[in-house]
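Naming: A, B, ... by sequence-line order, numbering from 1 per chain.
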Amino acid sequence: MGGYGDVKLLREDGKRLDGRAIDEMRPVTIEAGVLPAADGSAMVTHGLNVAVAAVYGPMEAHPRKIQRQDRAVIDVRYNMAPFSTGDRIRPGFNRRSREISKVTAESLESVVLVERYPRSKIRVEIEILAAEAGTRCAGITAASVALADAGIPMRDMIVGVASGKIEDTVVLDLDKAEDNYGQADLPVGILPNTGEIAFLQMDGDLSVEEYNLAMEYNHKAAKEIHEVMVDALKRRYEGGEA
Amino acid sequence: MGGYGDVKLLREDGKRLDGRAIDEMRPVTIEAGVLPAADGSAMVTHGLNVAVAAVYGPMEAHPRKIQRQDRAVIDVRYNMAPFSTGDRIRPGFNRRSREISKVTAESLESVVLVERYPRSKIRVEIEILAAEAGTRCAGITAASVALADAGIPMRDMIVGVASGKIEDTVVLDLDKAEDNYGQADLPVGILPNTGEIAFLQMDGDLSVEEYNLAMEYNHKAAKEIHEVMVDALKRRYEGGEA
Amino acid sequence: MGGYGDVKLLREDGKRLDGRAIDEMRPVTIEAGVLPAADGSAMVTHGLNVAVAAVYGPMEAHPRKIQRQDRAVIDVRYNMAPFSTGDRIRPGFNRRSREISKVTAESLESVVLVERYPRSKIRVEIEILAAEAGTRCAGITAASVALADAGIPMRDMIVGVASGKIEDTVVLDLDKAEDNYGQADLPVGILPNTGEIAFLQMDGDLSVEEYNLAMEYNHKAAKEIHEVMVDALKRRYEGGEA
Amino acid sequence: MVELVPSLLRQELNRLAAEGQRIDGRGHFDVRDVHLEVDCLYNAEGSAKVVWGDTIIYAGVKFEIRTPWPDRPAQGSLMCGAELRPVAHRKYEPGPPSPESIELGRVVDRGIRESGCIDMGELCIVPGEKVWGVMIDIHVLSDGGNIFDAAGLAAIAALRTAVVPAERFDVGEDHTLKVNGTPIMASFKRAGGRFVYDPREEEELGGDERIHITLGDEGHLHSLQKGLKGVFTPEEFAEILAVAEQKCSELRKMVAEKEGN
Amino acid sequence: MVELVPSLLRQELNRLAAEGQRIDGRGHFDVRDVHLEVDCLYNAEGSAKVVWGDTIIYAGVKFEIRTPWPDRPAQGSLMCGAELRPVAHRKYEPGPPSPESIELGRVVDRGIRESGCIDMGELCIVPGEKVWGVMIDIHVLSDGGNIFDAAGLAAIAALRTAVVPAERFDVGEDHTLKVNGTPIMASFKRAGGRFVYDPREEEELGGDERIHITLGDEGHLHSLQKGLKGVFTPEEFAEILAVAEQKCSELRKMVAEKEGN
Amino acid sequence: MVELVPSLLRQELNRLAAEGQRIDGRGHFDVRDVHLEVDCLYNAEGSAKVVWGDTIIYAGVKFEIRTPWPDRPAQGSLMCGAELRPVAHRKYEPGPPSPESIELGRVVDRGIRESGCIDMGELCIVPGEKVWGVMIDIHVLSDGGNIFDAAGLAAIAALRTAVVPAERFDVGEDHTLKVNGTPIMASFKRAGGRFVYDPREEEELGGDERIHITLGDEGHLHSLQKGLKGVFTPEEFAEILAVAEQKCSELRKMVAEKEGN
């Protein structure tokens, strides 16, 4: 979290700069099956964020040494396009994207029935085309829908969602300015059917009470986003336009 | 093409700055069998350019995944020595050398009888020791002679040659200044026996008519260079000094 | 060698700046078995240098192409921690550490009975935690003790030791200032039982006579350090505190 | 097995070619459906999305301020790069840029650069001190064949709708980038023995050499590139060059229409 | 074979857990022996060595002078990195930083950075010109399990004993670095179905997900991270958070004691 | 199979050594034919080509202007690097610099640097602002054995004929680089149990340790390096050192003669 300026993030009417209420999410749209070359795919817009996920596989895992005898490995690449941010990003992985790729892969392994595909590999490619705070969550949501679109069996979806703290107030779903000048960010991946957590990161400053409130907001928002996810898949499979 | 200055490249007598006529090539010398450690080799001087090519193989292609069941793969590396240019080049491949290596390899695959050597690899190493515009063409010529010197069967040689445009005039074989301040460059690889094209790049500005004239010059020059190539191989095999 | 200043390195009483005599070594302490995760390990402090070595193996050598049918390969990595020097070192190998790793590995191969372990690999990891001139020698000494601690059979140990030249005077065991402003450095690896040399580097300026004197000092110091090495292994195996 | 499919496919392509047919029913110089969308990405100063058959490509333009090269103190710079990331197809693997992606970026770059559509002098802010660096990044999301033409189209469309973000860098007011021309690429692939325009994925697998032609508004050649194994005759080139002129004109019109919107 | 051991180990961990036991006899929230040593390395401006069970980790602090970022002209910077080099365990291979080592470095970095214990404004020397860059490097020499907590402890202890080498850089007198707080990490691992604190190596092999919690002096959360496969419930998190508060307090006291020495 | 050849070769080398012979008929301290050519490459500011038996090596010198290191404001710099590229032998593979090529470059570099033949102070243009950086690049085109001595010879010959391109950089008139001395390397390899001078390729395959000695004009040692597996005795070193003195003198004369041309 930046938190180094005196930037006002809450208006006098208690709303946020973009007019949202404290527990209000940015608009989310999802489309499944957007990439013809992939086995499964999805595009998520979350506010001004644009995240695309492609799934390939299950396929033979090679080289051999990455194979697991009893399950599939999930190979995730989270990548920000060079033009996705204010200043251009040099192509290629950096430390941030490697870390997000790792924990996203581990989250998805928690829900995919990997034991169905021993010795195989499932490739999940997450591409951020436009970033406005919250890309890792949009990426997890997109990856979940893309896996479902590819017909990969899962015990549940994962919904990516975040809450945070600005001006000592817990709010749902930080936007760019709130992320830059806020006090805490708590992105999580929630299993909508059980409420369990498969993805968790947090930085900044939160008391235990603030943490609990932020998680409450997150669980509420996860339900909303889950409906959009289900809807996208329905449109895809019920002969909707892909 | 640079083309950003007001540099005069044609003299009042219609000749070029170095005294060449518009359709006159720089002098070319070729020696085959110059590198004792290689299976085949050649050194080409073309103007002040110096290009050396070494051929190793056919040898077993490994790792396995690069093997082709029905043919040999040709592995070309075009490399400029650090001291070959005005400003020193940092050792290691760059984007330009990778692109030239790729299209050079694909050109050579077009003439080498690769189907004679299934599952094998032929290594072609092109080293530029001095650069004065036209190194990719000198490299292709050197590679052709080195392949012949190595006894690799080919359905034809490839002759590397270029024409271009300076001061709105099509000319044969640009030198350094003409390359820097000229308007177009059209390097090609020509099969001398059939007149077919195996290598083609071009940048700058050429009308269709100018393109046709430039190609005419190229075909003419290819014949001249081909004679020097054949001569070098004759000297090599007829007990000439290597 | 630096040698570019007018720095005084010898006092009027003939002693060196830190009070040592010309043929006097910095204090050396050695402890074996310091790293629980390793098969063998040692920590050497030599003056203010701190070198730690870990040995893993013999283990299967892979990938296959590094295997030797008749012997083990010894894989050495010499690495300086980022905080080990005056200016922080960027993590990762550099040319200096690659060269030292290579010649250290070749030295250790000269004494380890590698023919006992065909097709296998022995990993030797040398980590410099603090550097005050002489780290490659401290690393060789640490590696020898770690190999012995791991129970790897050797025909002899190797003792790392260096002499050099400051103010036209041959001295034993250069410290940081002497290394920066001195005239020559002669680091060697000596087999204590035979007096043979397994490691040799030198840079600077030495006449043949100066070389001979520097080597005389080195042989003398090697005997002293060898006693400390033996003592460390005794403490380790005779139920001493590890 | 990987080897087998192409050889069967090659037979099929030959059979179709002999009957004057093509795997998807097109004539040999017909194009697939092409959709172009511009100004579609937050944070990019210019952007375009091209859906070309099953191929989907985004291009984004970013600006930076840099010090000019000492030998060209009053000139800015243009750079075009492409990434063929694993998202785009099962066949692409992670790792450093492949020769394919380098070739793609450089061929598109040369077509735009050599057309002269960007006047490098106009990118100068303070001579010898500050110039604009313009960077076009091509991002292939789905490779369904003929990514070269789709990438070239996305790149020039993104460039032509780019806004120079002068305010963000405190060097004046935002203004549209001046682009003098619309270079367009047309690519041909030998499939079944003859050349076809706009190859789809299967035609690229089974075929031989590939020729990329970039033409400017006046029909001049600005970039040529032959890729892959194979040779061609001067007569073959003359034929496809004539086709290219027509195809490039049509796509150039499409770009102009989108700008009107 | 590599696959077999974890599955047998998992059975054993399950059996032990069912009996309320742990592989080394500890209770599920007990810690191993922890030894901390500070100011132990020549050349590092701050240093610490942590021996935590069979895990041994050094951390070293170095300073450099740099020009500030244009948008933060009066702020220095802090960076924390970790190397999991082959010295530390048979399982680590040479090569570029692994995802594991990047995660380790970044989780420790966030815990320290987000606690606010370093005031970036205090690292300013001349606004817009010169600021201090503080770099903490974590060097794992022996991985016997729970390297995250050991690394976090070594990093903050090294930082709290660091001396700013102003004299060497000719910008004033050497002085101790001001550090306002002692963020401490507590890590929990699912093993045998329930969470345990301070997992040892075998528990990491056989177990599932891992949760890292960094708490500040007031008990506020500054960094959270879930690693590895698996999920957890809000109730489980509440339980381990309470344990973390107590564990972090104890380690914070250990750091304070060492500084007194 | 790769393993077999060296062991047969080793037997043969032992047999020959026992008879006082060598695989190509030379005596054990005899050198092969050495040809030196200087000033042979356009664009290099100094260059040399060495043909040493079947070994062919080029060296080229380039200059750049750089800002001096803060702690040596009036000193330029010298750097020598070597590339063992796949062109030179079937055994060399593409990729980042191998340990062998790094060792080659660094051993040649130390020999030249430590001889003091380049006065770094003479490379200063404007103290604290501009100094010359001199870069010698060694390019091995054909490895027929003993590339170290051939590389060292090419490097010093290229350096001794280099012209400082001051005009191109607008800092005065071109002038020859001042080089005070001619450090020369002599390399010895154990083959058949004893040391031989100037090993050819087969002797390098079958042999053991290798010793590189660089001597200056006065016969002083400036660089030593032992490479490869094996040990040697002080007595062995004394013998080869004496041989090195004579061999280096002869090559030093050859360099002087070429400069005369």
Proximal to chain D - members of residues 118-131 of chain A, heavy-atom separation under 4.5 Å
A:Arg123, A:Glu125, A:Glu127, A:Leu129, A:Ala130, A:Ala131

Counting N and O atoms only, with roles assigned by atom type, does the side chain of D:Lys62 sit under 3.5 Å from a partner on the main chain of A:Ser84, one being a donor and the other an acceptor?
no

Any side-chain heavy atom of A:Phe83 within less than 4.5 Å of one from D:His139?
yes

Residue by residue, scan residues 142-163 of chain D and write down, ordered by number, those that have a heavy-atom distance under 4.5 Å to chain A; if none do, write 'none'.
D:Ser142, D:Asp143

Rounded to the nearest 0.5 angstrom, the CD-CG distance for D:Glu83 and A:Asn79 is 6.0 Å

Spatial distance of atom OG1 (A:Thr85) from atom OH (D:Tyr42) [nearest 0.5 Å]:
10.5 Å

Is the shortest side-chain heavy-atom distance between D:Val87 and A:Leu35 below 4.5 Å?
yes

Main-chain N/O of D:His89 paired with A:Tyr56 side-chain donor or acceptor, under 3.5 Å:
yes

The interface call for D:Ile56 against chain A, heavy-atom contacts under 4.5 Å, is side chain

Best-contacting candidate, A:Gly86, A:Ser41, A:Ala54, against chain D by heavy atom pairs under 4.5 angstrom:
A:Gly86

Evaluate whether atom CD of D:Glu173 has more than 12 neighbouring non-hydrogen atoms of other residues, nucleotides or ligands under 6.0 angstrom away.
no

Atom group of D:Glu64 that falls short of 4.5 Å from chain A, counting heavy atoms
neither

Top contributor to chain A contacts, counting heavy-atom pairs under 4.5 Å, from D:Met135, D:Arg85, D:Glu45:
D:Arg85

Counting C-beta onward and ignoring hydrogens, is there a side-chain heavy-atom pair between A:Arg77 and D:Pro94 closer than 4.5 Å?
yes

Determine whether D:Asn43 and A:Arg88 make a side-chain contact, defined as any pair of heavy atoms from C-beta on separated by less than 4.5 Å.
no

Atom NZ of residue position D:Lys178 - does it have more than 12 heavy atoms of other residues, nucleotides or ligands inside 6.0 Å?
no

By a 4.5 Å heavy-atom criterion (distance strictly below it), what part of A:Asp87 contacts chain D: side chain, backbone, both, or neither?
both

